[in-house]
Amino acid sequence: MPKSKAPADVRYWLFKSEPSAFSIDHLAKSPKQTAPWDGVRNYQARNYLRDGVQLGDLVCFYHSSEPPLGIFGTMRVVRAAYPDFTQFDPNSKYYDPKSPSDNPRWMMVDVQLIQKFDTPVLRENLAEHKVTAGMLVMKKGSRLSIQPMTAAEWKAVHQLAKAKPLT
DNA sequence: GCCAACGTTGGC
DNA sequence: GCCAACGTTGGC
């Protein structure tokens, strides 16, 4: 039996973050290169976190809003969905006073860095490649911060990054 | 900085 | 339940 999950069982995601708020370097400097993915405040993204994202799933780290835009590396889900504690913290910018403490509205997962790409896959690179050009993140007006992606897209991203898909 | 695309809110 | 108004996201 292989130690790692069979590829067919692994799901692939793309998580977006504005690097000024949380970048791949923030993750790399975190203890055990692991951090909670907090601050998701969109119901569809929340539903993906709660119902879709599983322990061991593989994730592309996408930097949004501030150039250079693109996928800067990969990470793994090391803890499945649990309540996002920032929703109950009045000092957090993610504080949500309407979220019931006995039925938390917002969830998060923990992620661990797998690799930071030596060659980041910039948005323009994604646009040039047949497979990655069709990714959800490339769609105009796509705001979803937690997005599913396919195994083919995962593979293509690694080709563009000239990196091996480590797991 | 602009603005199109979205998502949410709230009056009705 | 509809939909206009508003606020936010995010590429350019």
Side-chain angles (χ1 to χ4, degrees), chain A residues 11-30 35-53 57-75 77 81-111 113-150 152-163:
Chain A
R11 303 206 197 179
Y12 305 90
W13 305 92
L14 179 146
F15 289 6
K16 279 198 279 195
S17 180
E18 293 187 28
S20 62
F22 189 76
S23 71
I24 196 161
D25 289 326
H26 288 120
L27 180 60
K29 287 173 192 161
S30 299
W37 198 269
D38 62 5
V40 172
R41 296 293 180 270
N42 165 285
Y43 286 102
Q44 194 180 351
R46 187 281 311 271
N47 292 347
Y48 274 133
L49 284 180
R50 188 188 58 193
D51 308 327
V53 178
D57 282 1
L58 301 171
V59 185
C60 281
F61 197 134
Y62 181 88
H63 284 184
S64 66
S65 291
E66 304 154 31
L69 308 175
I71 297 170
F72 282 73
T74 56
M75 48 197 172
V77 176
Y82 63 107
D84 181 339
F85 49 76
T86 63
Q87 70 196 301
F88 302 123
D89 177 5
N91 296 318
S92 170
K93 67 171 180 172
Y94 301 121
Y95 180 52
D96 181 359
K98 291 181 186 168
S99 179
S101 57
D102 57 349
N103 184 22
R105 185 177 290 185
W106 306 114
M107 308 296 279
M108 61 186 182
V109 300
D110 287 356
V111 289
L113 184 70
I114 294 175
Q115 65 176 326
K116 181 182 170 182
F117 292 150
D118 293 329
T119 307
V121 184
L122 303 182
R123 191 173 174 84
E124 63 208 68
N125 306 132
L126 290 170
E128 286 162 5
H129 191 285
K130 190 180 167 189
V131 174
T132 52
M135 290 177 68
L136 210 50
V137 74
M138 299 303 289
K139 288 230 174 74
K140 189 178 179 185
S142 169
R143 292 167 53 167
L144 195 58
S145 62
I146 306 290
Q147 308 183 353
M149 56 186 286
T150 66
E153 289 163 351
W154 179 264
K155 191 178 170 187
V157 165
H158 284 81
Q159 285 171 357
L160 291 168
K162 303 175 180 71

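Naming convention: chains lettered A, B, ... in sequence-line order (proteins, then strands); numbering from 1 in each chain.
The side chain of A/Tyr43 lies closest to B/dT8 when the candidates are B/dT8, C/dG11, C/dT9. Closest to the A/Tyr62 side chain, of the nucleotides C/dG10, C/dG11, B/dT9, is C/dG11.
Straight-line distance from the CG atom of A/Asp96 to the P atom of C/dT8: 14 Å, rounded to whole Å. A/Ile146 has its CD1 atom 19 Å from the P atom of B/dC6, to the nearest Å. The distance between atom CG of A/Leu144 and atom P of B/dC6, rounded to the nearest whole Å, is 12 Å. Atom CD in A/Gln44 sits about 16 Å away from atom P in C/dT9, given to the nearest Å. One interatomic measurement links the two molecules: NZ of A/Lys139 to C1' of B/dA5, which rounds to 14 Å at whole-angstrom precision. Put simply, CG on A/Asn42 is 10 Å from P on C/dT9, counting in whole angstrom units. Atom C1' of nucleotide C/dT9 and atom CD of A/Glu66 are separated by 12 Å, given to the nearest angstrom. Going from atom CD of A/Gln147 over to atom P of C/dG10 covers 9 Å, rounded to whole Å.
Annotation for A/Asp51: atom CG counts as buried by contact number, over 12 foreign heavy atoms lying within 6.0 Å.
Side-chain contact between A/Phe15 and A/Met75 is present, with at least one heavy-atom pair separated by less than 4.5 Å.
Note on A/Asp84 versus A/Arg41: salt bridge recorded, some NZ/NE/NH1/NH2 to OD/OE distance being below 4.0 Å.
Note on A/Lys140: every side-chain N or O is 4.0 Å or more away from OP1 and OP2 of C/dG11. Within the structure, a side-chain polar atom (N or O) of A/Arg123 is placed less than 4.0 Å from OP1 or OP2 of C/dC12.
For A/Trp106 and A/Tyr82, the distance between ring centers is not under 6.0 angstrom.
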